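Working notes, beginning with the structure itself.
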Amino acid sequence: MTRVLVTGAGGQVGAATVAAFEAAGHHDVRGVARAQLDIADRDAVEQVVGELLPDAIVNCAALTDVDRCEREPDLAFAVNASGPRHLAVAAKRIGAHVVHVSTDYVFDGTAGRPYDEWDAVNPISVYGRSKLGGELEVARHAGSWTIARTAWVFGRAGHDFIRLVFQAATEPDRGIRFVDDQTGSPTYAPDLAAVLVRLAVERREGIFHVANAGYCTRYQQAREVLEAAGLDPSIARPTTTVALDRPAPRPPFTALEQVALRHCGLPTLRHYREALAEYVSSAGVRI
Ligand SMILES: NC(=O)c1ccc[n+]([C@@H]2O[C@H](COP(=O)([O-])OP(=O)(O)OC[C@H]3O[C@@H](n4cnc5c(N)ncnc54)[C@H](OP(=O)(O)O)[C@@H]3O)[C@@H](O)[C@H]2O)c1
């Protein structure tokens, strides 16, 4: 029996992680959403961790709105960097293992090939810098830790990129466009969550890339979603990052290779297209 604290449980990855621990059985899992635990509040972190005394903490809490991070850098660093520091310090005090979820946005996206766990980081946005700060805090302060970098998460009906695609399908005249010059690794939240469970329970140390195999642009992914749903893929229209003119810069190519999982004898994630087909055909996905 492993007692687990999952932070950010109200989010996409946090909810999937709580569900994965419950499905795995034999675990005492406590998911806390932001209203129950603000990870930027050091005293609150100390109190919750001290009361629950978990064997493992899986940190899924983060400020994930990349443009908001650019506008509110102090908040971004408070949540994405100092929050993980508070969790890591509290975890070390009680001997708990920390699994910290991080992002492909720690890379600048200029390598022109998928990134492995040993590639140099060089974030280009406040979100990326603050998430890298979280990685450094966990590595410095936790006694036992895993950093699990993921990317382009989907898999929560109504709350993800897939919803945006279906919205485009219901309002084709609005012409929602998808960028064709940002490439990444779409990742199915339940596939990610199943690996997070193993990393936590087995107290696996180090940095792991946990993203479904394969990569595409957002435009290509939108077409694939529409095709999988039996809809006309031409509803999706291409655009460019420059044309969208968002506050935060985006790295152009951040596909992740799952080398550490393979080298450590853990299962790698299947191709994203297989997961996408499964998700799109599952009940309750359409809006
Ligand atoms: N989604 C992606 O495509 C993606 C890609 C790469 C990496 N990641 C990483 O995956 C992790 C999980 O992200 P996600 O996709 O599940 O995003 P999400 O759906 O936005 O979930 C993040 C959760 O964190 C909560 N939160 C925000 N500030 C908090 C605070 N101060 N204390 C406690 N909780 C707080 C949010 O609550 P509120 O909604 O109430 O603010 C939200 O429920 C993050 O570390 C993210 O960086 C995600």
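Atoms within a ligand are numbered from 1 in the order they appear, just like the ligands themselves. Note that the structure is a prediction, hence the values are computed from the model and not measured.
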Tabulating one pair per line, provide the atom names and distances (0.1 Å) for every N/O atom of ligand 1 that is less than 3.5 Å from a protein N/O atom.
from: ligand 1; atom 1: 3 (O); to: Trp152; atom 2: N; distance (Å): 3.4
from: ligand 1; atom 1: 3 (O); to: Val153; atom 2: N; distance (Å): 2.8
from: ligand 1; atom 1: 15 (O); to: Gln12; atom 2: NE2; distance (Å): 3.4
from: ligand 1; atom 1: 16 (O); to: Gln12; atom 2: N; distance (Å): 3.1
from: ligand 1; atom 1: 16 (O); to: Val13; atom 2: N; distance (Å): 2.8
from: ligand 1; atom 1: 19 (O); to: Gln12; atom 2: N; distance (Å): 2.9
from: ligand 1; atom 1: 20 (O); to: Thr64; atom 2: OG1; distance (Å): 2.7
from: ligand 1; atom 1: 24 (O); to: Ala62; atom 2: N; distance (Å): 3.2
from: ligand 1; atom 1: 24 (O); to: Ala62; atom 2: O; distance (Å): 3.4
from: ligand 1; atom 1: 31 (N); to: Asp38; atom 2: OD1; distance (Å): 2.8
from: ligand 1; atom 1: 32 (N); to: Ile39; atom 2: N; distance (Å): 3.0
from: ligand 1; atom 1: 40 (O); to: Arg34; atom 2: NE; distance (Å): 3.1
from: ligand 1; atom 1: 40 (O); to: Arg34; atom 2: NH2; distance (Å): 3.2
from: ligand 1; atom 1: 41 (O); to: Arg34; atom 2: NE; distance (Å): 3.1
from: ligand 1; atom 1: 41 (O); to: Arg34; atom 2: NH2; distance (Å): 3.4
from: ligand 1; atom 1: 43 (O); to: Gly11; atom 2: N; distance (Å): 3.1
from: ligand 1; atom 1: 45 (O); to: Val101; atom 2: O; distance (Å): 3.1
from: ligand 1; atom 1: 45 (O); to: Lys131; atom 2: NZ; distance (Å): 2.6
from: ligand 1; atom 1: 47 (O); to: Tyr127; atom 2: OH; distance (Å): 2.7
from: ligand 1; atom 1: 47 (O); to: Lys131; atom 2: NZ; distance (Å): 3.1

Q: Using the test ring pair (Phe, Tyr, Trp, His ring centres under 6.0 Å), find all partners of His209 that sit at least two apart in sequence or belong to another chain.
A: Phe107

(Q) So for atom CZ, which belongs to Phe77, do other residues, nucleotides or ligands contribute more than 12 heavy atoms lying within a distance under 6.0 Å? (A) yes

Q: Starting from the C-alpha separation in whole Å, work towards a yes-or-no answer on side chain to side chain contact (heavy atoms under 4.5 Å, CB included) for Val197 and Val4.
A: CA-CA 10 Å; Val197 169; Val4 188; over 6 Å; no

Q) Is a side-chain donor-acceptor pair under 3.5 Å present for Thr240 with Asp181? A) no

**Q.** Listed partners of Glu202 passing salt bridge (Lys or Arg N to Asp or Glu O under 4.0 Å), at least two apart
**A.** Arg198, Arg204

**Q.** Residues in ring pair (Phe, Tyr, Trp, His ring centres under 6.0 Å) contact with Phe154, at least two apart in sequence or another chain
**A.** Tyr188, Tyr279

